[in-house]
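First the proteins, then the strands, lettered A, B, ... as listed; each starts at 1.
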There are 2 protein chains.
Amino acid sequence: MRRSPLVAVDVVIFTIADGELQALLVEVKSGPFAGRWAFPGGLVPVGEAPDVTAKRELLSQTGIGDVYLEQLRTFGDPKRDPQAHVVSVAYFALVAGKGEGQADNPKYRRMQWGPMRDLPSLAYDHNLLAQSALERLRSKLAYTNIVYSLLPRELTLGELQEIYEIIIGRPLDRRNFRRRILALGLLRPLRRQRRGRHRPAQLYTFTRREPMNVEML
Amino acid sequence: MRRSPLVAVDVVIFTIADGELQALLVEVKSGPFAGRWAFPGGLVPVGEAPDVTAKRELLSQTGIGDVYLEQLRTFGDPKRDPQAHVVSVAYFALVAGKGEGQADNPKYRRMQWGPMRDLPSLAYDHNLLAQSALERLRSKLAYTNIVYSLLPRELTLGELQEIYEIIIGRPLDRRNFRRRILALGLLRPLRRQRRGRHRPAQLYTFTRREPMNVEML
DNA sequence: GCAAAAGTGTTGAGATTACACCCATGC
DNA sequence: GCATGGGTGTAATCTCAACACTTTTGC
């Protein structure tokens with residue numbers, strides 16, 4: 001007889017793709033939720049910090065190591081998993097693109113990115129988790145610089161603005177946005193421009209790629 | 001052989017007393033940290049949500065039920081407790097006064113309030129926990145109305161301002177503070193005044209005693 | 001030439017800060 | 001009467017939001 005619940009981690013991995021916010025989903029293989037989608041996760045073994053388990057999980061899913069990872073909160077309702085009482089420490093991660101995705105990860109039958117608006121009914125309490133993660137993401141983008149982890153090393157102001165518009169869900173004034181962002185001194189202009197269908201845009205890079213509190217919006 | 005760590009909760013219970021921010025400490029009875037001070041806590045039993053364990057723990061320590069309680073974050077370093085790998089879900093609570101304190105709680109040898117500036121070296125990773133709790137408290141007071149849970153039902157603007165000054169650690173302009181707070185509409189003036197050594201002060205009460213996001217500072 | 005994104009300044013309104021004097025009470 | 005906290009208004013500054021036209025490119 002166990003004295004205390006099991007401990008797991010679950011990770012909501014966000015990216016921006018196709019003009020919207022998406023999260024990585026995996027299909028549950030067995031148990032009462034078999035066939036349903038969920039966020040990737042796994043049990044925390046004795047001797048390993050949950051932060052480490054989350055990093056490991058993330059790496060094995062995306063193959064990417066250079067990501068932003070933050071603890072969200074812990075869900076512990078005894079009925080969240082009907083098979084056993086599992087207390088889950090939830091994390092959210094930001095990655096710069098869909099990447100290759102370990103499409104052949106043996107742990108899950110299927111894995112795919114799904115848009116955050118319009119998620120299906122997920123396994124466990126993961127719809128609750130999705131909501132928490134989204135709230136946190138929105139508020140963190142407003143007062144920290146973590147948006148850098150959603151973007152490649154080189155970016156244009158238009159691309160940065162697009163991300164903000166997608167996540168906070170309303171258009172921003174381009175002139176005010178540019179002025180504010182540049183005034184923060186987080187971006188360094190490069191000597192190059194991005195060429196595309198239209199007028200070339202100045203390329204910038206983040207001067208510091210580490211989390212800091214900054215009033216972005 | 002366990003598959004997964006044990007789960008516990010720890011609760012940092014704050015109050016304002018004697019003009020400063022204090023937290024409830026208990027003396028550890030046994031193990032490598034015997035005799036050291038720590039925040040109250042305990043193992044989460046199978047079948048009970050950590051939130052419930054925390055509420056129970058809080059009630060048994062302070063005898064008070066009507067408090068603000070919020071999950072902080074989860075600490076899971078395998079070495080935080082040398083006896084076993086215990087993942088601890090940390091909470092912080094706000095109470096309106098020292099209260100009677102269950103001085104005779106059989107679970108701990110001693111229990112006392114200690115000032116947050118000038119904590120001793122605590123058991124486990126509780127100095128880290130103290131720091132997290134303090135940071136969260138400071139930021140939450142700035143953008144929510146939870147200060148109501150640090151104050152009795154009837155209060156003066158002077159008392160409210162004192163709390164803010166203690167916690168953010170700098171003096172505020174009285175006229176600007178009053179104007180801003182009253183403009184938020186969180187306070188309802190009563191027909192009575194508080195009499196003391198000096199000019200009587202208007203008494204107010206919070207119109208809503210439930211957590212809301214409000215820009216207080 | 002036209003569609004589409006890039007680039008650029010100014011102005012008005014509202015919010016925030018700084019600041020000084022009188023009032024009521026207990027001792 | 002004096003020490004102490006309670007109560008009140010205004011002016012200067014800063015911040016934020018609103019807003020339009022020109023440029024460069026690919027097709």
J.: In whole angstrom, give the distance that lies between atom CZ of A/R174 and atom C1' of D/dT22.
T.: 11 Å

J.: For B/R175 and A/L203, find the nucleotide of DNA chain C closest to each by heavy atoms; which residue's nucleotide sits nearer the 5' end?
T.: A/L203

J.: Please give, in whole Å, the distance from D/dG7 P to B/R194 CZ?
T.: 12 Å

J.: Of the candidate nucleotides D/dG5, D/dG7, C/dC19, which contains the atom at the shortest distance from the side chain of B/N176?
T.: C/dC19

J.: Quick one: B/L157 CG to D/dT4 P, roughly how many Å, whole number?
T.: 22 Å

J.: Report yes if some heavy atom in the side chain of B/L150 is under 4.5 Å from a heavy atom in the side chain of B/I167; otherwise report no.
T.: yes

J.: By nearest atom, which of the nucleotides C/dA4, C/dG7, D/dG5 is closest to the B/H198 side chain?
T.: D/dG5

J.: Where the side chain of A/T15 meets the backbone of A/V95, is there a donor-acceptor pair that is under 3.5 Å apart?
T.: yes

J.: Are A/Y204 and A/Q202 linked by a side-chain donor-acceptor pair shorter than 3.5 Å?
T.: no

J.: Report the distance from atom CD1 of B/I181 to atom P of C/dT16, rounded to the nearest whole Å.
T.: 12 Å

J.: A/R180 has a side chain; which of D/dA17, C/dG7, C/dA24 sits nearest to it?
T.: D/dA17

J.: Separation of A/R197 atom CZ from D/dT25 atom C1', in whole Å?
T.: 11 Å

J.: Can you tell me the distance, in whole Å, between the CG atom of B/D173 and the C1' atom of D/dT10?
T.: 13 Å

J.: Between C/dA24, D/dG6, C/dA6, which nucleotide gets closest to the side-chain atoms of B/P200?
T.: C/dA24

J.: Examine distances only and state if a side-chain atom of B/R136 and a backbone atom of B/L72 form a donor-acceptor pair shorter than 3.5 Å.
T.: yes

J.: Between atom CG of B/L203 and atom CZ of B/R153, what is the distance when rounded to the nearest 0.5 Å?
T.: 14.0 Å

J.: Just the rounded figure in Å: distance from C1' of C/dT16 to CG of B/L172.
T.: 13 Å

J.: Without decimals, in angstroms, what is the distance between B/R199 CZ and C/dG26 P?
T.: 13 Å

J.: Just N and O in the side chain of B/R179: are any of them under 4.0 Å from OP1 or OP2 of D/dT8?
T.: no

J.: At 4.0 Å (heavy atoms only), tell me whether B/R195 reaches a base, stays on the sugar-phosphate, or touches nothing.
T.: sugar-phosphate

